[in-house]
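Here is the structure we will look at, set down as structure tokens.
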2 protein chains.
Amino acid sequence: MRSKSIMKKNSPPTLSQVARAAGVGTTTVSRVINGGDCVNPKTLAKVRRVIESMGYLPNQAARVLKGDRTKTIGLIIPSIADPFFSSCAEAAHAVARTHDSLLIVTATQNDLKNEIENVNMLARHRVDGLMIAAGNSRSKSLSQLLMRLSMPVVAIDRPISNSNIPAVITDNFVAAKLAVQHLIEHGRTRIACLTGEEELFTIRERIRGYRAAIKSAGLPPLLDTSVSEFDSAMRSIQRLFASDCPPDAIFTLKNSTTIYTFEVLQELGIAVPESIALVGFDDFELASTLRPSITVLQQPVQDIGRTATELLFERLLGSAERPLNTVRQLKSLDTHLILRRSCGCRVAD
Amino acid sequence: MRSKSIMKKNSPPTLSQVARAAGVGTTTVSRVINGGDCVNPKTLAKVRRVIESMGYLPNQAARVLKGDRTKTIGLIIPSIADPFFSSCAEAAHAVARTHDSLLIVTATQNDLKNEIENVNMLARHRVDGLMIAAGNSRSKSLSQLLMRLSMPVVAIDRPISNSNIPAVITDNFVAAKLAVQHLIEHGRTRIACLTGEEELFTIRERIRGYRAAIKSAGLPPLLDTSVSEFDSAMRSIQRLFASDCPPDAIFTLKNSTTIYTFEVLQELGIAVPESIALVGFDDFELASTLRPSITVLQQPVQDIGRTATELLFERLLGSAERPLNTVRQLKSLDTHLILRRSCGCRVAD
DNA sequence: ATGAAAGCGCTAACAC
DNA sequence: GTGTTAGCGCTTTCAT
């Protein structure tokens, strides 16, 4: 039971074991694994050989305890499987990599309890920095928790209210207004807006943009915030068409709603864009492949992830000079209206 | 500069600071944060109050050094943005969560250098376990590295050759055979197979399945492994149609190829399924929304991620009793043929 | 029920 | 160039 044989899956070798095996002091090994400066070339070579043969890898936990950074950053998002957030994560990973850091990802399903739990967990692990897309942007308990943390935090996609936490977001308000105005230019006058999850910051902003455009054009608002699954989309659209003056355009505020709406219109045999024009918020892979192809507002997804992560490291590395979180930063990135067929434009696919 | 005022972003409080503030020993605080057993209720309450007020969170690194697990697992995948792998990651995260563990995700782009680098990085961080979908399943250096690790490893989607590392995969061979046989049942006799990345284990298996089905039916193989982007799909299909006997069916071996093929056929005005039947490997969100809807082989993506992670924790927790990696485990999950219109079936959409 | 002290693996003075 | 040693924040005997 206490065999000293080379059995696998035992605890990995330590620095001092390497030192002993190489017949040198721990300092020397430490120097070797940290670049090998001020070490005799012969010693260097020998120690390296021993390290290689023993398969030694420095224990990051021990380094952390000595005061080093953990070389990890945390990313808290509603879902990893969501294309929007997985793209953010991919971009975040790429930036983290350039800083020799790992990315820890957690998913919350927009649940406040999960959000708080995940923040605490990542804080215990002493991640060097944190990025979060909070479903509950206005939660007092979350913002307080975040502001108490001793590490830089950057909000992503959705700002944290009542905080000085910097945020990298898209300008949802302007984008939504733009989309509706485009439909108006196509001569549409009864533009419905379909969505769910109106508790989310992004959705609220988009609704605000819709209302602003509708109002300044003197048109009637037709807002339905009850759409989540396919069935609710079906009900909503049937309801709209049953009314005395049915819509001639639909603006959907999120990816899944756009798709459900498209499917419903397809199933009901309603011609797009002839009878109903359609514009959706958020681009998706097959938007240009569907017939008709779908006009969408394309968010700079990769940019959001990249920018947020760069900002995080900037604060992380510059913390010595500049006091953190003193001036609120809010980077707003532009959204691009991709014109396809569903809005009524006569573009090539 | 040395103000003792409550400035944020300083180093977080330590256990002994809490102990001092609460007027107790470190042992007591340790007991409190570990469940509070054998602690006087009054002391317990007081310490808890101090912890709360100071915002104390135990330093995981210190615990690790004392021999605890890191409560992290690593997931190494080609890309985080890829829907297949992000779904795996989501499932892995969910399982990790039930074990109070965090998920560290890294992306490799199927590059061997990145794979090795990421494994080393995660090993330095002493993750409790590791899951990897290796692009280079047959790399000697990777398999050796993985087998030297002192932590459990599970291969995901693609086994690691020449190793005893357990793997959770789908039966690509059987699935591909099934798909081709289905096309044959539809009376198709010139079935082309389009793909790229034939260096991947999964693709090779699918090709093997295609060949097996074609051969046992006495049909001629029409394999093109040069398809990657839209343009190459276009070239490939035009080439096929220019030949003396053009295909009457296409079997695509990966998601993106299926989509490009669909787009090419759409652009060339080739009727699906009338002129060409189409079956693709891997389901995707809009496969049923496209016209015609696309028949696909659906992999149990979530299951793969979940099963692999469960297996990992099983080995992680049972390591005391059972010796690790002694018997090779290979869990093969079933793939499901989803019949839609593009193969020639007359199903409802 | 509670505390003192050793030690986990590493780094950084400080000697030599 | 190289080794000795203290200590990072925690858990855990072992006393009390």
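By convention in this document, chain letters (A, B, ...) are assigned in the order of the sequence lines, proteins followed by strands, and residues within each chain are numbered from 1. Keep in mind it's a predicted model, so treat the numbers as computed, not measured.
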Nearest-Å distance for atom pair [atom1]/[atom2], residues [X] and [N]:
X       : N      : atom1 : atom2 : result
B/Ile51 : D/dG9  : CD1   : C1'   : 14 Å
B/Asp37 : C/dA1  : CG    : C1'   : 12 Å
A/Lys66 : D/dC10 : NZ    : P     : 15 Å
A/Gln60 : C/dC8  : CD    : C1'   : 16 Å
B/Arg20 : C/dG3  : CZ    : P     : 14 Å
A/Leu15 : C/dT11 : CG    : C1'   : 9 Å
B/Asn59 : C/dC8  : CG    : C1'   : 13 Å
A/Asn40 : D/dT2  : CG    : P     : 5 Å

Can a side-chain donor-acceptor contact be found between [Y] and [X] if the only test is distance below 3.5 angstrom?
X        : Y        : result
A/Asn162 : A/Ser143 : no
A/Arg158 : A/Asn136 : no
A/Gln109 : A/Ser79  : no

Below 3.5 Å, does any donor atom in the side chain of B/Arg31 face an acceptor in the base of C/dG3, or the other way round?
yes

Quiz question: going by heavy-atom distance under 3.5 Å, is there a donor-acceptor pair between the base of C/dA4 and the side chain of B/Thr27?
yes

For B/Leu65 and for A/Ile33, find the nucleotide of DNA chain C with the closest heavy atom, then tell me which residue's nucleotide is more 5'.
B/Leu65

Reckon [X] has a side-chain N or O less than 4.0 Å from the OP1 or OP2 of [N]?
X       : N      : result
A/Asn34 : C/dT11 : yes
A/Arg63 : C/dC10 : no
A/Thr28 : D/dG3  : yes

Just to be sure I understand the rule, does A/Thr14 reach a base, reach only the sugar-phosphate, or reach nothing, if contact means heavy atoms closer than 4.0 Å?
sugar-phosphate

For A/Val24, report the nucleic acid contact type (base, sugar-phosphate, nothing); a contact means any heavy atom under 4.0 Å.
sugar-phosphate

Exactly one of B/Ile116, B/Asp111, B/Leu112, B/Asn110 should register a side-chain contact (heavy atoms from CB on, under 4.5 Å) with B/Asn114. Which one does?
B/Asp111

Paired with A/Ile104, the side-chain contact (heavy atoms from CB on, under 4.5 Å) test is passed by just one of A/Asn118, A/Ile76, A/Val127, A/Leu75, namely A/Val127

In terms of side-chain heavy atoms of A/Thr26, which of D/dT5, D/dT11, C/dC10 is nearest?
D/dT5

Which nucleotide sits closest to the side chain of B/Thr43: D/dC10, C/dC10, C/dT2?
C/dT2

Contact nearer the 5' end of DNA chain D, comparing A/Gly23 with B/Asp68:
A/Gly23

